[in-house]
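Computed from heavy atoms alone, side chains included, the values below leave out hydrogens, waters and symmetry copies. Since we're looking at a predicted model, the values are computed, not measured.
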Amino acid sequence: MGNKRFNTGTGPSQRQLRVGELIRRTLSDVLNRAEIHDPDLNAMSITVGEVSCSPDLKVATVYVMPLMGSVPVENAIAALARNKAELRHLVAAQLTLKYAPDLRFRPDETFDRLDETRRLFADPAVQRDLGAPDPDPADGAE
């Protein structure tokens, strides 16, 4: 009889994904309604892009980014880290888990990767390899 304690697959389990999404929604609502008792944090518009949970659901890594670059991401992460206990308490009140996960805040680099991907796909050599029509108007095609 094998030990089936943790998911041995390459990706997160369904439970990790579900709990991560619930934490993301809860944090988004809390930050949107400015329920934290920190005027610096309440003055920031922060988007919560993704939350990934550890297999035991005791650690949640929260990927955040200030909207429209209103403040440096380091300042936003520092403000969130200062209020981690209050945020954890508000998340625990919304979730029905045995333990409230420890929140760790990291910058969301999804948008940077998206810009790099767009730049790579716009490269003429990549367009040629993909078989897409050449966007050069000199060939006479309109």
Side-chain angles (χ1 to χ4, degrees), residues 1-137 139 141-142:
M1 192 180 320
N3 185 359
K4 301 288 184 185
R5 187 172 221 169
F6 292 109
N7 180 19
T8 59
T10 58
S13 69
Q14 195 67 30
R15 183 167 172 80
Q16 285 173 281
L17 293 172
R18 186 170 51 87
V19 170
E21 181 62 21
L22 289 172
I23 292 171
R24 188 192 70 77
R25 286 184 192 170
T26 303
L27 284 175
S28 294
D29 289 343
V30 165
L31 293 172
N32 190 31
R33 291 191 303 251
E35 294 180 10
I36 304 299
H37 297 96
D38 184 354
D40 294 334
L41 183 60
N42 290 335
M44 298 179 194
S45 294
I46 299 174
T47 181
V48 180
E50 180 184 358
V51 176
S52 62
C53 294
S54 64
D56 60 359
L57 302 178
K58 290 189 177 185
V59 176
T61 305
V62 182
Y63 296 95
V64 296
M65 183 63 69
L67 286 176
M68 306 300 283
S70 57
V71 294
V73 68
E74 295 83 15
N75 294 358
I77 290 176
L80 290 166
R82 274 195 318 268
N83 296 289
K84 179 166 63 168
E86 190 174 356
L87 288 167
R88 184 178 182 190
H89 176 74
L90 291 170
V91 166
Q94 295 292 321
L95 301 178
T96 55
L97 295 174
K98 188 172 184 178
Y99 300 102
D102 181 37
L103 302 175
R104 297 180 183 173
F105 299 99
R106 303 285 184 263
D108 188 3
E109 298 171 349
T110 305
F111 300 110
D112 296 336
R113 288 193 308 259
L114 184 62
D115 290 341
E116 177 64 16
T117 303
R118 284 185 183 147
R119 188 192 64 74
L120 287 172
F121 276 122
D123 185 16
V126 173
Q127 291 291 321
R128 184 190 68 234
D129 291 344
L130 292 174
D134 191 9
D136 187 11
D139 64 1
E142 294 285 329

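Heavy atoms of other residues, nucleotides or ligands lying less than 6.0 angstrom from CZ of Arg82 number more than 12. Arg104 CZ: 12 or fewer foreign heavy atoms inside a 6.0 Å radius.
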Residue pair Phe105, Leu87: steps toward the side chain to side chain contact (heavy atoms under 4.5 Å, CB included) verdict: CA-CA 11 Å; Phe105 299 99; Leu87 288 167; 3.7 Å; yes
Just do the side chain to side chain contact (heavy atoms under 4.5 Å, CB included) check on Asp108 and Val64 with the steps written out, would you? CA-CA 5 Å; Asp108 188 3; Val64 296; 5.9 Å; no
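Using a 4.0 Å cut-off between charged nitrogen and carboxylate oxygen, Arg18 and Glu21 do not count as a salt-bridge pair.
A distance of 8.0 Å separates NZ in Lys58 from NZ in Lys98, rounded to the nearest 0.5 Å. Asn32 contributes atom CG, which lies 11.0 Å from atom CG of Asn42 (distance to the nearest 0.5 angstrom). The structure places CG of Leu97 at 8.0 Å from CG of Leu22, a figure rounded to the nearest 0.5 Å. Atom-to-atom distance recorded for Met44:CE and Leu67:CG is 12.0 Å, nearest 0.5 angstrom.
Residues satisfying the side chain to side chain contact (heavy atoms under 4.5 Å, CB included) criterion with Glu35, sequence neighbours excluded, are Val30, Arg33, Leu90.
Asn83 places a side-chain N or O within donor-acceptor distance of the main-chain N or O of Ala79, the cut-off being under 3.5 Å.
Applying the salt bridge (charged side-chain N to carboxylate O under 4.0 Å, His left out) test to pairs two or more places apart or on separate chains, those with a residue in residues 84-94 are Lys84-Asp102.
Residue Leu80 forms a side-chain contact (heavy atoms from CB on, under 4.5 Å) with just one option from Leu27, Leu31, Ile36, and that option is Leu31.
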